[in-house]
Engineer: 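Handing you a structure now.
Letters A, B, ... are given to chains in the order of the sequence lines, protein chains preceding strands, and every chain is numbered from 1.
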Protein chains: 2
Amino acid sequence: MRSERLDHIMTALGDPTRRAILARLNAGEARVTDIAAPFDMSLNAVSKHIRLLERADLVKRRKAGREHYLSFNAAPLDEASEWIEQTRMFWARRLDTLECVLKSDLQEKKGRKK
Amino acid sequence: MRSERLDHIMTALGDPTRRAILARLNAGEARVTDIAAPFDMSLNAVSKHIRLLERADLVKRRKAGREHYLSFNAAPLDEASEWIEQTRMFWARRLDTLECVLKSDLQEKKGRKK
DNA sequence: TTGATATTCAACCAATTGGTTGAAGAAAGG
DNA sequence: CCTTTCTTCAACCAATTGGTTGAATATCAA
């Protein structure tokens with residue numbers, strides 16, 4: 001099974017701090033220090049979270065002198081979305097079928113009653 | 001931040017074994033032993049994976065005597081999907097706006113050329 | 001050069017995850 | 001009853017995650 005990218009993406013999204021970082025990046029590029037500021041943890045802890053986000057390619061880094069500007073990269077979300085929607089649709093279809101079966105059963109009962 | 005459910009859902013989806021278990025459950029209810037059979041790991045290991053899936057409410061358990069029948073529950077996927085689609089749409093909109101700006105710039109240039 | 005700022009690296013620690021083996025408990029089949 | 005089957009529980013171990021502090025590195029600014 002060659003799904004390591006998906007593993008990394010889902011894992012990266014499975015932590016509230018990291019999702020908050022991504023939300024922060026919706027407002028645009030930001031430096032590591034800026035990103036870390038609102039969090040009640042050390043800069044180093046945030047730096048590590050960023051590393052996991054980079055592993056999942058959800059964050060891009062642009063270095064300008066001593067400052068590192070992080071930006072959000074939405075592309076990996078497609079892969080996560082694809083898996084989820086694929087699975088959801090499969091079951092949506094099954095439930096439709098089930099509903100259809102139940103309806104036809106109901107119709108059949110009505111028919112017999114008459 | 002009260003996002004523990006989402007944490008559990010994403011975390012559950014962040015492992016290939018667990019996604020494979022869910023895929024297996026697409027074929028319908030199955031016992032723990034049946035689910036574990038194709039995997040190259042102990043029954044106990046699979047049992048633990050199932051526990052994480054249950055924590056995320058992605059799997060329901062029905063006990064019939066000594067056998068436990070697991071089934072897939074798609075509902076939590078809505079929550080994961082919501083977060084992802086929300087975020088994707090935000091950026092899709094931004095890119096549309098950017099594209100629009102670029103186009104209008106192009107138009108402007110053309111206009112000036114004439 | 002000196003000093004402040006921005007960041008990572010390294011070592012450490014606790015909690016979680018991902019796996020093992022060996023039991024225990026509960027139900028089925030003789 | 002006894003044995004087998006299905007499953008979890010408990011203890012253990014390695015790797016990863018989530019955090020800390022302290023140091024190293026690189027850049028800016030005086």
Side-chain angles (χ1 to χ4, degrees), chain A residues 1-25 28-71 76, chain B residues 1-25 28-71 76:
Chain A
M1 193 167 309
R2 201 64 277 110
S3 52
E4 214 166 273
R5 282 216 317 279
L6 193 47
D7 296 355
H8 290 160
I9 296 164
M10 295 291 196
T11 300
L13 296 179
D15 179 274
T17 302
R18 286 192 289 270
R19 289 196 303 276
I21 291 173
L22 293 185
R24 164 67 180 82
L25 291 179
E29 262 190 349
R31 300 176 309 150
V32 177
T33 306
D34 299 331
I35 293 171
F39 292 104
D40 187 24
M41 70 180 74
S42 72
L43 179 70
N44 275 2
V46 173
S47 180
K48 280 200 192 177
H49 280 297
I50 292 172
R51 202 160 54 182
L52 284 209
L53 288 168
E54 279 187 293
R55 183 181 70 178
D57 203 32
L58 282 162
V59 151
K60 298 284 198 192
R61 186 185 299 257
R62 174 176 72 82
K63 297 183 188 176
R66 61 184 164 180
E67 296 166 320
H68 296 199
Y69 286 92
L70 287 316
S71 60
Chain B
M1 195 168 303
R2 199 68 273 108
S3 54
E4 213 167 272
R5 280 216 317 280
L6 193 47
D7 296 355
H8 290 161
I9 295 164
M10 295 292 197
T11 300
L13 296 179
D15 179 274
T17 301
R18 288 192 287 271
R19 290 195 303 275
I21 290 173
L22 293 185
R24 163 68 180 80
L25 290 179
E29 261 191 349
R31 299 177 309 149
V32 177
T33 305
D34 298 333
I35 293 170
F39 293 104
D40 188 23
M41 69 182 72
S42 72
L43 179 70
N44 276 1
V46 173
S47 179
K48 279 200 193 176
H49 280 297
I50 291 172
R51 206 162 48 181
L52 284 209
L53 288 168
E54 279 188 292
R55 184 180 69 178
D57 204 33
L58 282 162
V59 151
K60 297 286 197 190
R61 188 185 298 255
R62 173 176 72 82
K63 298 184 189 176
R66 62 184 164 182
E67 296 166 317
H68 297 199
Y69 286 92
L70 287 315
S71 60

Engineer: Quick check on C:dT20: is either OP1 or OP2 less than 4.0 Å from any side-chain nitrogen or oxygen of B:Ser42?
Structural biologist: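 B:Ser42 to C:dT20 OP1/OP2: side-chain N or O found under 4.0 Å.
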Engineer: With sequence neighbours left out, what residues match B:Asp15 under salt bridge (Lys or Arg N to Asp or Glu O under 4.0 Å)?
Structural biologist: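 Result, salt bridge (Lys or Arg N to Asp or Glu O under 4.0 Å) vs B:Asp15: none returned.
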Engineer: Side-chain donor-acceptor contacts of residues 36-44 of chain A below 3.5 Å, not counting sequence neighbours, with atom names and distances?
Structural biologist:
residue	atom	partner	partner atom	Å
A:Ser42	OG	A:Asn44	N	3.4
A:Ser42	OG	A:Ala45	N	3.1

Engineer: On a heavy-atom basis, which atom in B:Arg19 and which in A:Asp7 lie closest, and how many Å separate them?
Structural biologist: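 Result for this residue pair: NH2-OD1, 2.6 Å.
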Engineer: Given C:dT20, C:dG18, D:dG19, which nucleotide is nearest the side-chain atoms of A:Met41?
Structural biologist: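 Nearest to the side-chain atoms of A:Met41, counting from C-beta on, is D:dG19.
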Engineer: If I take atom CG in residue A:Asp7 and atom P in nucleotide C:dT17, what distance separates them, rounded to the nearest angstrom?
Structural biologist: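 In whole Å, C:dT17 P lies 15 Å from A:Asp7 CG.
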Engineer: In the 5'-to-3' direction, what one-character label does each nucleotide of nucleotides 6-12 of chain C receive under the scheme B = base within less than 4.0 Å of a protein heavy atom, S = sugar-phosphate only, - = no such atom?
Structural biologist: SBBBB--
Engineer: Under the side chain to side chain donor-acceptor pair (under 3.5 Å) rule, collect the residues that match up with B:Arg18, sequence neighbours excluded.
Structural biologist: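 Partners of B:Arg18 by the side chain to side chain donor-acceptor pair (under 3.5 Å) criterion, ordered by chain and then number, come out as B:His49.
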Engineer: Nearest whole angstrom, please: distance from the P of C:dG18 to the CG of B:Asp40.
Structural biologist: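 Result: 17 Å.
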Engineer: Taking salt bridge (Lys or Arg N to Asp or Glu O under 4.0 Å) as the test, write out the residues that go with B:Arg31, two or more places apart.
Structural biologist: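 Checked B:Arg31 against salt bridge (Lys or Arg N to Asp or Glu O under 4.0 Å); matches are B:Asp34, B:Glu67.
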Engineer: Rounded to whole angstrom units, what separation is found between the CZ atom of A:Arg18 and the C1' atom of D:dT16?
Structural biologist: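 Answer to the nearest Å: 11 Å.
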Engineer: Listed by chain and number, what are the side chain to side chain donor-acceptor pair (under 3.5 Å) partners of B:Lys60, not counting sequence neighbours?
Structural biologist: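 With neighbours one apart ignored, the set is B:Asp57.
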Engineer: Quickly work out the A:Ile21 CD1 to D:dT17 P distance and round it to whole Å.
Structural biologist: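 Spelled out: CD1 on A:Ile21 to P on D:dT17 is 15 Å.
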Engineer: Expressed in angstrom and rounded to an integer, what is the separation of B:His49 atom NE2 from C:dT16 atom C1'?
Structural biologist: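 Distance check: B:His49 NE2 to C:dT16 C1' gives 13 Å.
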Engineer: Return the value, rounded to whole Å, for the distance between atom CG of A:Asp15 and atom C1' of C:dT17.
Structural biologist: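 Result: 14 Å.
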Engineer: Taking OP1 and OP2 of D:dT16, is either one under 4.0 Å from a side-chain nitrogen or oxygen of A:Arg55?
Structural biologist: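 Answer is no, no contact under 4.0 Å.
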Engineer: When the distance from NZ of B:Lys63 to P of C:dG25 is rounded to whole Å, what number comes out?
Structural biologist: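 B:Lys63 atom NZ is separated from C:dG25 atom P by 15 Å.
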